[in-house]
Engineer: 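First the structure, which I've put down as structure tokens, then a few questions once you've had a look.
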There are 2 protein chains.
Amino acid sequence: MTSSESGVDQPWNQQRLRSSNERMLLERLRATPASRAQLARETGLSKPTVSSALASLEAAGLVREAGHHTPERGRAAVLYAPDPSAGYALGIDIGRAWLRVALADLDGTVVARKDVRNRARTSGAMADLVVATAHQVVAGSDVVPADVVHAVVGTPGVYDPAVRRVRYALHLPGWGRAGLFDRMREELGVPLAVHNDANLAAVGEHAFGVGAGSRLFVYVMIGTGLGMGIVADGRPFTGASGAAGEIGFLPWNDRAPDTLEDAVSAEAVVRTARALGMTGTLTAKSVFEAARAGEAAAVGAVRQEGERLAHTVSAVAAVLDPELVVLGGGVGHSADLLLQTVRDTLRRLTPLRPKVAASALGEDAVLLGAVATAMGRARDVVFAQRA
Amino acid sequence: MTSSESGVDQPWNQQRLRSSNERMLLERLRATPASRAQLARETGLSKPTVSSALASLEAAGLVREAGHHTPERGRAAVLYAPDPSAGYALGIDIGRAWLRVALADLDGTVVARKDVRNRARTSGAMADLVVATAHQVVAGSDVVPADVVHAVVGTPGVYDPAVRRVRYALHLPGWGRAGLFDRMREELGVPLAVHNDANLAAVGEHAFGVGAGSRLFVYVMIGTGLGMGIVADGRPFTGASGAAGEIGFLPWNDRAPDTLEDAVSAEAVVRTARALGMTGTLTAKSVFEAARAGEAAAVGAVRQEGERLAHTVSAVAAVLDPELVVLGGGVGHSADLLLQTVRDTLRRLTPLRPKVAASALGEDAVLLGAVATAMGRARDVVFAQRA
DNA sequence: CGCTCTTAGTAAGGGAACTTAACTTAAGCA
DNA sequence: TGCTTAAGTTAAGTTCCCTTACTAAGAGCG
């Protein structure tokens with residue numbers, strides 16, 4: 001027999017009833033401020049119940065008056081809105097080149113931020129830098145440290161909560177060490193969750209960027225490596241072992257034994273450009289700039305990159321059928337150059353053609369995804385801990 | 001801002017509280033019969049509440065006494081269990097060669113079944129055959145027709161509820177005609193849902209087969225075509241437009257322009273066997289039998305099939321990271337021959353290696369998936385319509 | 001046989017949270 | 001100032017859950 005979800009969930013008593021209704025009202029208010037009468041009409045609760053629930057929320061500091069609304073005729077309504085200062089969340093992006101930290105309120109508004117170059121040589125120094133920068137960001141804001149409720153870190157690799165360390169972090173030496181994040185957690189003094197950077201970028205693009213409102217979309221992160229984040233029904237989809245979206249391992253070419261990651265990452269663009277005749281010190285960025293200027297070898301390299309990306313996207317489309325594919329990562333800022341080639345090649349390759357778009361958040365996608373994730377958790381925590 | 005899930009859900013009043021608790025108790029009883037006292041202990045509800053809820057459920061015919069249990073010491077307990085005869089569900093598998101219909105109770109026990117060869121020449125005749133066979137199955141059982149609560153049909157292609165017809169049903173002429181399923185629905189007199197066959201096979205394998213308990217697994221259906229069903233957290237994952245798992249469209253080989261479907265389906269095995277020197281009238285089945293007997297060309301064809309499947313699986317693993325890959329479909333009964341090759345090749349191809357297993361349900365996977373899906377819906381309906 | 005121990009199940013009382021219905025408050029307008 | 005209309009509150013009543021205390025029933029034992 002099926003069984004599966006045999007775990008009996010919590011019983012519903014009156015407290016949970018009340019709590020559930022308060023939560024529903026709070027979520028409704030996040031969309032737009034509303035009066036008690038309006039909430040009653042919209043939610044189906046009675047006016048007295050709404051009044052009482054709103055009083056509780058206001059007493060707990062989760063909701064506050066937000067002006068008035070005078071209808072055509074009749075008494076003016078008192079509008080309520082969530083109080084975004086009821087808690088704060090830290091988003092942290094640990095990248096190869098940059099460490100970025102942002103502090104946001106419960107509306108997702110960033111109230112303080114600091115980006116520092118990542119010059120740490122060891123993972124321990126890196127951890128110290130993260131903690132120090134986070135403390136600076138909080139100190140540089142008007143936020144009381146105790147009001148910072150949750151933090152989320154984005155990092156390459158897959159964090160395994162069971163052993164509390166990162167796996168597959170190939171490009172960061174020592175980063176897989178045990179105890180690293182426990183130390184950060186402790187010195188930070190804030191609950192800290194660790195997520196894969198591509199997944200967070202996808203979440204960020206869903207919360208604030210071009211993926212907004214999409215029921216199923218993927219974020220392809222092209223840079224030093226190749227990764228993908230999946231957001232399904234608003235939540236990250238991580239697979240059975242956290243390795244969903246590790247498209248660097250897609251089978252690519254049975255002639256040459258190189259990986260798709262090698263074939264599509266930023267270095268590959270440089271390699272192709274050289275093979276096509278470009279010379280000098282090249283970076284992916286300079287190749288894209290040359291292509292923009294019309295240099296033939298560069299254009300060819302970019303075209304090949306686009307074709308290979310289309311190959312990747314077609315594989316993803318066949319398995320997942322996403323509504324939208326967002327191109328981002330280090331190469332993302334040149335996505336406009338790639339889009340047309342990707343779309344044209346896709347048309348040749350497969351009848352399954354998701355929309356393809358460039359990242360709207362650019363370099364900030366991971367950071368904002370961390371912010372969005374931490375904020376979501378912070379909302380839960382603040383609600384759960386109300387008086 | 002994020003917004004997204006801005007839809008306010010239903011308010012929680014006392015009726016919903018009661019209903020929710022009754023539902024929870026019912027689901028708990030599906031795992032194993034239990035006494036009131038035991039339910040109270042396990043669910044956290046009080047004994048009087050459990051008594052009262054159980055009385056309602058019993059009055060509604062959803063639950064019945066199921067013997068007694070005498071503890072070590074103390075009064076004997078009255079056990080309760082769900083009444084599986086509170087409703088019935090129809091599962092229907094419309095395949096190329098066979099039409100299969102099964103009637104199951106709310107426990108998922110098949111109480112009547114009929115398989116007929118699919119000789120219909122037109123889609124209209126096919127629809128008539130489906131309805132007639134379904135009526136025969138119900139008539140041939142002890143079940144009152146009014147107790148049949150829901151039906152689910154499995155068919156190739158993607159059913160689009162918006163236009164109420166099937167798309168991409170390449171191998172079935174006329175099957176994409178509008179109104180076809182509306183007609184069946186009407187003549188059947190039972191609510192009818194239409195699902196993709198590979199998805200249902202995956203659901204079936206999750207409910208009754210080798211995928212039981214897996215949080216994320218895929219069912220690869222190899223036969224006339226090539227398809228895949230995905231079950232995530234117990235629910236089918238269909239993608240944005242219902243085309244998730246259409247792995248026949250995976251990019252395969254940039255030298256030859258054929259599709260992966262052509263390269264992996266049953267016909268491909270025959271083609272390869274011929275190319276390797278086999279002669280006579282060959283079917284996929286006969287090639288597998290010859291391979292089992294040790295004939296070199298057949299062994300070679302089977303090996304190539306396994307290698308190509310491994311290629312497919314590695315792509316799926318890179319995107320989805322499933323816990324388990326189940327091989328099924330027409331070629332499924334020979335999966336044991338393929339497993340070793342698939343596993344060995346996977347080891348060469350990728351570090352992401354999901355478990356690979358043969359289907360446990362064989363030809364019945366689609367039918368049982370339809371039964372499981374219809375039963376799930378029937379449980380909901382019966383519960384919602386209790387007095 | 002009846003006493004005691006133990007667990008199952010019920011009855012009665014009380015409290016929390018919701019609803020309905022009626023009332024009060026406040027704003028605009030004649 | 002009084003009328004109309006909509007917002008918001010008060011009061012009464014309902015539903016459903018919980019706690020406490022009781023009764024019911026089986027098993028071992030003197």
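Letters A, B, ... mirror the listed sequences (proteins, then strands); counts begin at 1.
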Engineer: How does protein contact run along nucleotides 23-30 of chain D, one letter per nucleotide 5' to 3', with B for base contact, S for sugar-phosphate only, - for none, heavy atoms under 4.0 Å?
Structural biologist: -BBB----
Engineer: Is there side-chain contact between A:Leu25 and A:Leu45, with heavy atoms separated by less than 4.5 Å?
Structural biologist: yes
Engineer: OH of A:Tyr80 versus P of D:dA7: gap in Å, rounded?
Structural biologist: 14 Å
Engineer: Looking for any heavy atom pair under 4.0 Å, which part of the strands does B:Arg41 touch: base, sugar-phosphate only, or nothing?
Structural biologist: sugar-phosphate
Engineer: Between A:Tyr159 and A:Phe181, how do the two ring planes meet: parallel, tilted or perpendicular, split at 30° and 60°?
Structural biologist: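 Because their plane-to-plane angle is over 60°, the rings of A:Tyr159 and A:Phe181 count as perpendicular.
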Engineer: Compute the bend angle of the helix from C:dC1-D:dG30 to C:dA30-D:dT1 from the end axes (five pairs per end), rounded to 10°.
Structural biologist: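 Comparing the first five pairs with the last five, the axes sit 20° apart.
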Engineer: So, applying side-chain contact (heavy atoms from CB on, under 4.5 Å) with A:Val382, which one of A:Asp147, A:Val149, A:Asp83, A:Leu26 is it?
Structural biologist: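 It is A:Val149, the one option of A:Asp147, A:Val149, A:Asp83, A:Leu26 that forms the side-chain contact (heavy atoms from CB on, under 4.5 Å) with A:Val382.
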Engineer: Do any N or O atoms from the side chain of B:Arg377 and from the backbone of B:Ala151 form a donor-acceptor pair under 3.5 angstrom?
Structural biologist: no
Engineer: Counting only heavy atoms from other residues, nucleotides and ligands, does the tally under 6.0 Å from CD of A:Glu186 exceed 12?
Structural biologist: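 Atom CD in A:Glu186 is not crowded, with 12 or fewer foreign heavy atoms closer than 6.0 Å.
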Engineer: Would you confirm whether A:Thr43, through its side chain, and A:Leu39, through its main-chain N or O, come within 3.5 Å as a donor-acceptor pair?
Structural biologist: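 Indeed, once roles are kept as given, a pair shorter than 3.5 Å links the two residues.
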Engineer: Whether the side chain of B:Asp105 engages the backbone of B:Ser85 through a donor-acceptor N/O pair (distance < 3.5 Å, no angle test) should be reported.
Structural biologist: no
Engineer: Rounding to a whole Å, what distance do you find between B:Glu42:CD and C:dA8:P?
Structural biologist: 12 Å
Engineer: Is there a donor-acceptor contact under 3.5 Å from the side chain of A:Arg28 to the main chain of A:Thr32?
Structural biologist: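 It does hold such a pair.
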Engineer: Treating A:Arg215 as the side-chain partner and B:Gly239 as the backbone partner, does any N or O pair qualify as donor plus acceptor under 3.5 Å?
Structural biologist: yes
Engineer: We want to know whether B:Ser56 and B:Arg386 form a side-chain donor-acceptor pair, criterion being a heavy-atom distance below 3.5 angstrom.
Structural biologist: no
Engineer: Roughly how many Å is it from CG in A:Leu39 to P in D:dA6, rounded to a whole number?
Structural biologist: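 The distance from CG of A:Leu39 to P of D:dA6 comes to 18 Å, rounded to the nearest Å.
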Engineer: Check the distance between D:dA7's P and A:Glu65's CD and give it to me in whole angstrom.
Structural biologist: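 Those two atoms, CD and P, are 16 Å apart.
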Engineer: Are any side-chain N or O atoms of A:Thr373 and backbone N or O atoms of A:Gly369, one a donor and one an acceptor, separated by less than 3.5 Å?
Structural biologist: yes
Engineer: Measure NE2/A:His69 against P/D:dT5 and give the value in whole Å, please.
Structural biologist: 17 Å
Engineer: In this structure, how many angstroms lie between the C1' atom of C:dT6 and the CD atom of B:Gln38, rounded?
Structural biologist: 16 Å
Engineer: Polar atom pairs between nucleotides 17-22 of chain C and protein, under 3.5 Å, N or O only, would you list them?
Structural biologist:
residue : atom : partner : partner atom : Å
C:dA17  : N3   : B:Gln14 : NE2          : 2.9
C:dC18  : OP1  : A:Asn21 : ND2          : 3.0
C:dC18  : O4'  : B:Gln14 : OE1          : 3.3
C:dT19  : OP2  : A:Ser46 : N            : 3.0
C:dT19  : OP2  : A:Ser46 : OG           : 2.6
C:dT19  : OP2  : A:Thr49 : OG1          : 2.7

Engineer: Please classify the nucleic acid contact of A:Val78 as base, sugar-phosphate, or nothing, using heavy-atom distances under 4.0 Å.
Structural biologist: sugar-phosphate
